[in-house]
Amino acid sequence: MTEELKVLEAQQVDSGLIEALELFRKKYKTDEKVSHRVVKPAIPFYGREILEMSIAALLEGENLLLTGAKATGKNVLAENLAWLFGRPSYNVSFHVNTGSAELIGTDTFRDNEVSLRKGSIYRCAEYGGFGILDEINMAKNDAVSVLHATLDYRRSIDVPGYDKIDLHPAARFIGTMNYGYAGTKELNEALVSRFLVIDMPSQTEETLSYILERMYPNMRARAKEQWIGLFLDLQLKAEHGEISTKALDLRGMTGAIAAIKQGLKPTLAARMGITNKCFDIFEKEIVQDVVMTRIPEEWTSGDVFA
């Protein structure tokens, strides 16, 4: 059994799904030209129920839309799924200027002739990749219209001036969205109907403990407990509206812990990874108070790592 499938077995994911996933991986081999895009994610995803829902949907050829607040692991899950399925991943970060040219492609002049410079969705369709559509609710109508035929039963892309191409049978799309972020908008029903939707739950002590154990196996138990407690304290304050979600940053926290591993004092690392994510002075003071209750000033790297 491969490393990827052992991860699922360790989380007691349904054995039938693991067997089906193994068959999928054997059936659809990755083209050597894009094998470098099959990437093991930096942060493991923990959550049997969410994994079972995701894997079952993707095996059936469905696309996924992951919704939920910040730091619930939407992008981490998307990256983990691409790795578990053994597929190359193509990330599209939607913003106000993302148009059809970035997704499908555009004409370019090369070797004295006009040719198509393929976009990320085109390459995903060509190689059976997993397209991760980040912040899809920031997409312009121009970009969304491109996705309609790609995401429904037609599974095709019509490239203006060239031809219609059908999606590789292994191609899947995973959209992520934070509801209510600045610059976002409501997704129309036609687009939502092309996805199965998973509302991502908040982090728990169990999920954070799994992540830290996998990323930092030599972390001291007391230190791990305090960092987990710090994240949960901030999460609770954000849910109650006492602070924004700026400091609630799992990547920031794991980055800070990594800096401690290099010998940095824990309070300085926490300042970079958590406190300084806030730019409002009042909010920064609240976050700093929470950090001080969890991370003692006198701690050194040796108090965090054995």
Side-chain angles (χ1 to χ4, degrees), residues 1-68 72-92 121 123-134 136 147 149-157 165-176 192-201 206-207 210-211 214:
M1 182 176 283
T2 62
E3 179 189 0
E4 295 89 328
L5 300 183
K6 284 179 182 172
V7 168
L8 297 177
E9 193 177 57
Q11 296 192 42
Q12 299 181 331
V13 169
D14 181 80
S15 59
L17 286 174
I18 296 177
E19 287 173 15
L21 181 55
E22 194 168 15
L23 289 175
F24 182 98
R25 290 169 57 93
K26 287 178 179 172
K27 185 176 181 181
Y28 300 114
K29 297 294 184 186
T30 303
D31 193 310
E32 279 297 319
K33 285 186 284 189
V34 293
S35 59
H36 63 284
R37 284 186 169 273
V38 183
V39 182
K40 183 179 179 180
I43 301 178
F45 184 83
Y46 180 77
R48 182 177 59 82
E49 196 173 77
I50 297 292
L51 284 169
E52 287 182 344
M53 287 194 290
S54 307
I55 293 169
L58 293 172
L59 284 171
E60 280 299 316
E62 301 288 343
N63 301 305
L64 284 176
L65 178 61
L66 308 178
T67 68
T72 49
K74 297 183 290 297
N75 287 90
V76 172
L77 174 59
E79 291 164 5
N80 272 262
L81 287 169
W83 178 63
L84 289 168
F85 276 77
R87 306 310 307 166
S89 59
Y90 296 84
N91 283 275
V92 180
I121 298 295
R123 285 182 289 156
C124 185
E126 191 175 23
Y127 294 111
F130 270 36
I132 300 173
L133 312 175
D134 194 20
I136 193 172
L147 296 174
T150 310
L151 296 172
D152 66 17
Y153 67 93
R154 289 170 283 180
R155 290 180 59 80
S156 63
I157 301 174
I165 66 163
D166 294 324
L167 265 64
H168 186 289
R172 303 286 190 274
F173 295 92
I174 304 174
T176 71
V192 175
S193 71
R194 287 163 166 80
F195 292 96
L196 291 184
V197 183
I198 295 179
D199 190 18
M200 299 290 286
E206 185 182 5
T207 58
Y210 176 86
I211 291 168
R214 293 290 298 270

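All heavy atoms count here, side chains included; hydrogens, waters and symmetry mates do not.
Between the side chain of Arg172 and the backbone N or O of Leu58, at least one donor-acceptor pair lies under 3.5 Å. Side-chain atoms of Glu126 do not come within 3.5 Å of backbone N or O of His168 as any donor-acceptor pair. Judged by distance alone, with hydrogens and angles left aside, the side-chain atoms of Arg123 form no donor-acceptor pair with the main-chain N or O of Gly129 at under 3.5 Å. Panel note: side chain Glu52, backbone Leu17; no donor-acceptor pair is recorded below 3.5 Å. The closest donor-acceptor contact from the side chain of Asn80 to the backbone of Ile43 lies under 3.5 Å. Arg154 contributes no side-chain N or O that, together with a main-chain N or O of Leu151, makes up a donor-acceptor pair within less than 3.5 Å.
When all heavy atoms are compared, the tightest approach of Met200 to Gly73 is CE-O, 3.7 Å. Between Ile157 and Ala125, the closest heavy-atom pair is CD1-CB, 3.8 Å. For Gly128 against Pro88, the heavy-atom pair with the smallest separation is O-CD, 4.1 Å. Between Leu167 and Thr150, the closest heavy-atom pair is CD2-O, 3.7 Å. Lys74 and Gly68 get closest at one heavy-atom pair: NZ-O, 3.2 Å. Heavy atoms only, all atoms of each residue included: Tyr127 and Arg87 are closest at O-NH2, 3.1 Å.
Using a 30° and 60° split on the angle between ring planes, Phe130 and Phe85 fall in the tilted class, from 30° to 60°.
With a 4.5 Å cut-off on side-chain heavy atoms, Ile121 and Leu133 count as touching. Side-chain contact between Leu81 and Leu64: present, with at least one pair of heavy atoms (C-beta onward) separated by less than 4.5 Å. Looking only at side-chain heavy atoms (C-beta outward), Ser54 and Leu77 come within less than 4.5 Å of each other. With a 4.5 Å cut-off on side-chain heavy atoms, Ile136 and Phe195 count as touching. Side-chain contact check for Ile55 versus Phe24: every heavy-atom pair is 4.5 Å or farther apart. A heavy-atom distance below 4.5 Å is not found between the side chains of Phe45 and Leu84. The side-chain heavy atoms of Leu51 and Leu8, taken from C-beta on, include a pair separated by under 4.5 Å.
Remark: Asn91 CG to Cys124 SG distance equals 10.0 Å, nearest 0.5 Å. For the atom pair CG of Asn75 and OG1 of Thr176, the computed distance is 4.5 Å after rounding to the nearest 0.5 Å. Atom-to-atom distance recorded for Asn63:CG and Leu65:CG is 10.0 Å, nearest 0.5 angstrom. Ile211 contributes atom CD1, which lies 11.0 Å from atom CD of Glu206 (distance to the nearest 0.5 angstrom). Atom CG of Leu66 sits about 6.0 Å away from atom CD1 of Ile198, to the nearest 0.5 Å.
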- Report the C-alpha separation of Asp166 and Ser156 in whole Å, then their side-chain angles, then the decisive distance to 0.1 Å, and conclude whether the side-chain hydrogen bond (donor to acceptor under 3.5 Å, both in side chains) test is met. CA-CA 4 Å; Asp166 294 324; Ser156 63; 4.7 Å; no
- Query: How far apart are the C-alpha atoms of Arg214 and Tyr46, what are their side-chain angles, what is the distance that settles it, and do they pass the side-chain contact (heavy atoms from CB on, under 4.5 Å) test?
  - Reply: CA-CA 10 Å; Arg214 293 290 298 270; Tyr46 180 77; over 6 Å; no
- Derivation of the side-chain contact (heavy atoms from CB on, under 4.5 Å) call for Val92 and Phe173: CA-CA 11 Å; Val92 180; Phe173 295 92; over 6 Å; no
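The side chain to side chain contact (heavy atoms under 4.5 Å, CB included) test applied to Val39 returns no partner, not counting sequence neighbours.
Within the structure, side chain to side chain donor-acceptor pair (under 3.5 Å) pairs that include any residue of residues 19-38 comprise Glu4-Arg25 (at least two apart or interchain).
Side-chain atoms of Thr67 and Asp199 form a donor-acceptor pair, as typed in the model, at a separation below 3.5 Å.
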